[in-house]
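The first residue of the sequence shown is numbered 1, and numbering continues consecutively from there.
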Amino acid sequence: LLRRKLTLGSLEWDQAEIHLVTRSDGTMNLPTPSGPMPREGLGDFLDFTIARATLAQTQFFWNDQSVPITLTAQELGILLQFHPVEGYSGSISVASAKVKTPRWNLPLSYLAARFRISDQDANVDSAVWQIAGLKGRGSFELRNLLSPEGRFAFQMDGGIRDLAKVLGLTQLRGGRLSLTGNGSYGPQEFSARGHIQALQVDLQVDGFQPGLIDFRSDYATDANRVKLSQFQIKALGGTARGGGDISVEGPSPRVELRTTVSDLGLASLLRSLASADSSLARVSFDSRLNGTADLHWQGALENFKSRFNLRFEPPQVISPGQYPLEGFMRGSIETTPTPILRIQESAFHTIDSRLTAQGVLGQQQTSLAVQLETSDFEEWRPLASFFARPTERIPLVLRSPLVFSGTLQGPVRKPAVRGRLSIGPFEYRDWLWDSLRADISVGPDSLELTSGRLLGGDSTVTLTGAVTLEEWRLARDGP
């Protein structure tokens, strides 16, 4: 048998309008064959392929509802058949395409679908596609074409990197996404529910390197909001569970999460926040964080805010050079315009140290009231060595508690420390001293002592004066 098929090398269509109309009796404005057709069979009404097709600045109208679209496609094939009783059926295939709407610019690697259209409904029985690195398959049905309503089901799986580029989420550098769902739609409603899973997600944010992240959640969505339930995030050795909402109204999504945190590693968290030369990288304490945290942000972690209430519990296994830390902290974090940690209340202790802190810790401005008591300088040696940067090991051994009560002021990278220092018996360079009391003010470029008294045996030394520092170290030409 001979079949008619049209093959075109290219088709360019600029500023076109496509109008699809469903009349009050359910019929549509799709044309029908002019010649007679056998009622028992299908007739090929349209069968063509186009090597390259471009629809630029095209308006698609369904009952006068406009959807502007620009389409560039390669190897576009359409087969449309007509049956006088059952209506239209056929298939469409695209080898490669780019679809641009006012909101999205989507690279489509391929699409193949089989469909049926009658005067009452339209169905895509099966469709497979790949878009922005995600492979998918699904189906949908459309009833009552005058006022369309129907159902759909789908599942997708693939790499995150290409999708993140399309959505403008440049902080997402890798990972794998799996998404399944089903739902319904109508003239005034849209709803869907399913499951989303993102594994080995590589998130790269300035000032925060959390490593690979796993995320799982059930979801339910309407046209403007996504509700997450039973979600689970694994990162930094710990797990966060809870629920949340994502609003997709506006130019970028707004996210609100309510979580319960368990077994989050303090050492891993500090490393994720620390640069190679940061003091956070020198903190020698480790703990497991448990508690609650509420998180809010817009887009890709813009305007991030979080309120938390956390317990710090000693880990079961401690790494060499680390000290177990126990305590609690209540406060909040925000990142606009720069990261700021607000500590409402906190208290920590190790085997030989006690620390309380309250106030604000930020890149541009810090105002933190602290009180420290320790009988083991070794717990604090890495941090002290980072700031002092001595040419030799600091020759200090505590024989009694060291107590400091004061404040941290200024930018977090160059804070000024002011307060009262008090030490009982201690050794410095193998010399035993009975006590030291002094008011101290120290920063990256200066050290000042006032009201200082150093006692050792029958000797008393009064300490008052200032020296010049260079990045916390004694200046070569300083006094």
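When all heavy atoms of P382 and S284 are compared, the closest pair comes out as CG-CB, 4.0 Å. Closest non-hydrogen pair, V261 versus L289, comes out as CG1-O, 3.8 Å. The minimum heavy-atom distance linking L295 with S306 is given by the pair CG-OG, 4.0 Å. Across all non-hydrogen atoms, the minimal contact from D286 to G265 is OD1-C, 4.5 Å. Minimum interatomic distance between F152 and A192 (heavy atoms only, all atoms of both residues): CZ-CB, 3.8 Å. The minimum heavy-atom distance between F308 and S332, with the atom names listed, is CE2-N, 3.4 Å.
D434 CG to L454 CG: the interatomic distance, rounded to the nearest 0.5 Å, is 9.0 Å. Note that the OG atom of S217 and the CD1 atom of I196 stand 7.5 Å from one another [nearest 0.5 Å]. Note that CZ of R288 and CG of L264 are 8.0 Å apart. Values are rounded to the nearest 0.5 Å. Expressed to the nearest 0.5 Å, how far CG of L172 lies from CZ of R161 amounts to 10.5 Å. One distance of note links CG of D294 with NZ of K305; it measures 13.5 Å at 0.5 Å rounding. Atom OG of S93 sits about 11.0 Å away from atom CZ of R114, to the nearest 0.5 Å.
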(message) Pair T407, L368 - check side chain to side chain contact (heavy atoms under 4.5 Å, CB included), show working.
(response) CA-CA 5 Å; T407 62; L368 197 65; over 6 Å; no
(request) Go through the steps to decide whether Q365 and Q409 satisfy the test side chain to side chain contact (heavy atoms under 4.5 Å, CB included), and finish with yes or no. (result) CA-CA 7 Å; Q365 186 61 40; Q409 301 284 343; 4.3 Å; yes
(request) Could you walk me through whether R330 and E345 pass the salt bridge (charged side-chain N to carboxylate O under 4.0 Å, His left out) test, one step at a time? (result) CA-CA 5 Å; R330 293 190 298 108; E345 185 181 11; 2.8 Å; yes
(message) What verdict does the ring pair (Phe, Tyr, Trp, His ring centres under 6.0 Å) test give for F115 and F140, after you've listed the backbone C-alpha separation in whole Å, the side-chain angles of each residue and the deciding distance to 0.1 Å?
(response) CA-CA 9 Å; F115 59 86; F140 76 85; 9.9 Å; no
(request) Report the C-alpha separation of N224 and D222 in whole Å, then their side-chain angles, then the decisive distance to 0.1 Å, and conclude whether the side chain to side chain contact (heavy atoms under 4.5 Å, CB included) test is met. (result) CA-CA 6 Å; N224 299 314; D222 56 27; 4.2 Å; yes
(request) Check the pair L421, V403 against side chain to side chain contact (heavy atoms under 4.5 Å, CB included), reporting the backbone distance first and the verdict last. (result) CA-CA 6 Å; L421 178 67; V403 178; over 6 Å; no
(message) side-chain hydrogen bond (donor to acceptor under 3.5 Å, both in side chains), that's the test. Do S139 and S126 meet it? Break it down for me.
(response) CA-CA 5 Å; S139 62; S126 65; over 6 Å; no
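Between F426 and L396 there is a side-chain heavy-atom pair separated by less than 4.5 Å. Considering only heavy atoms from C-beta on, I340 comes within 4.5 Å of V360 through its side chain. A 4.5 Å side-chain heavy-atom check between I213 and I233 finds at least one atom pair inside the cut-off. You'll find the side chain of T366 stays beyond 4.5 Å of the side chain of P415, heavy atoms only. Under the 4.5 Å side-chain criterion, counting only non-hydrogen atoms from C-beta, L257 is in contact with W297. For the pair T259 and F231, the minimum side-chain heavy-atom distance is below 4.5 Å. Annotation: side chain of F377 is in contact with side chain of I394 (closest heavy-atom distance under 4.5 Å). Residues Q344 and Q358 fail the side-chain proximity criterion, which asks for heavy atoms closer than 4.5 Å.
Between the side chain of N123 and the backbone N or O of D125 there is no donor-acceptor pair closer than 3.5 Å. N290 places no side-chain N or O within 3.5 Å of a backbone atom of R311 that could act as its donor or acceptor partner. Looking only at distances, no side-chain donor or acceptor of R418 sits under 3.5 Å from a matching main-chain atom of G406. Panel note: side chain S287, backbone E326; no donor-acceptor pair is recorded below 3.5 Å. Between the side chain of R453 and the backbone N or O of T462, no donor-acceptor pair lies under 3.5 Å.
Aromatic ring orientation, F312 versus F348: perpendicular (interplanar angle above 60°, classes split at 30° and 60°).
Within the structure, salt bridge (Lys or Arg N to Asp or Glu O under 4.0 Å) contacts touching residues 250-269 (residues at least two apart or in different chains) are D245-R258. Among pairs with a residue in residues 368-382, those fulfilling side-chain hydrogen bond (donor to acceptor under 3.5 Å, both in side chains) read T350-E379, S353-T374, S353-E379, S353-W380, E378-R381, E378-R393, at least two apart in sequence or across chains.
Residue-environment remark: CD (Q230) stays at or below the threshold of 12 foreign heavy atoms within 6.0 Å. In this structure, I351 places its CD1 atom where only 12 or fewer heavy-atom neighbours from other residues, nucleotides or ligands lie under 6.0 Å away.
Remark: R342 engages E334 in a salt bridge, criterion side-chain N to carboxylate O under 4.0 Å. Remark: D439 engages R420 in a salt bridge, criterion side-chain N to carboxylate O under 4.0 Å.
The closest side-chain donor-acceptor pair between S184 and S191 falls under 3.5 angstrom. At a cut-off of 3.5 Å, with distance as the only test, a side-chain donor of S422 or R437 sits close to an acceptor on the other residue.
The salt bridge (Lys or Arg N to Asp or Glu O under 4.0 Å) test with D157 is passed by exactly one of R137, K135, R176: R176. Under the side-chain contact (heavy atoms from CB on, under 4.5 Å) rule, T221 has a single partner from I246, V226, L228, V248, which is V226.
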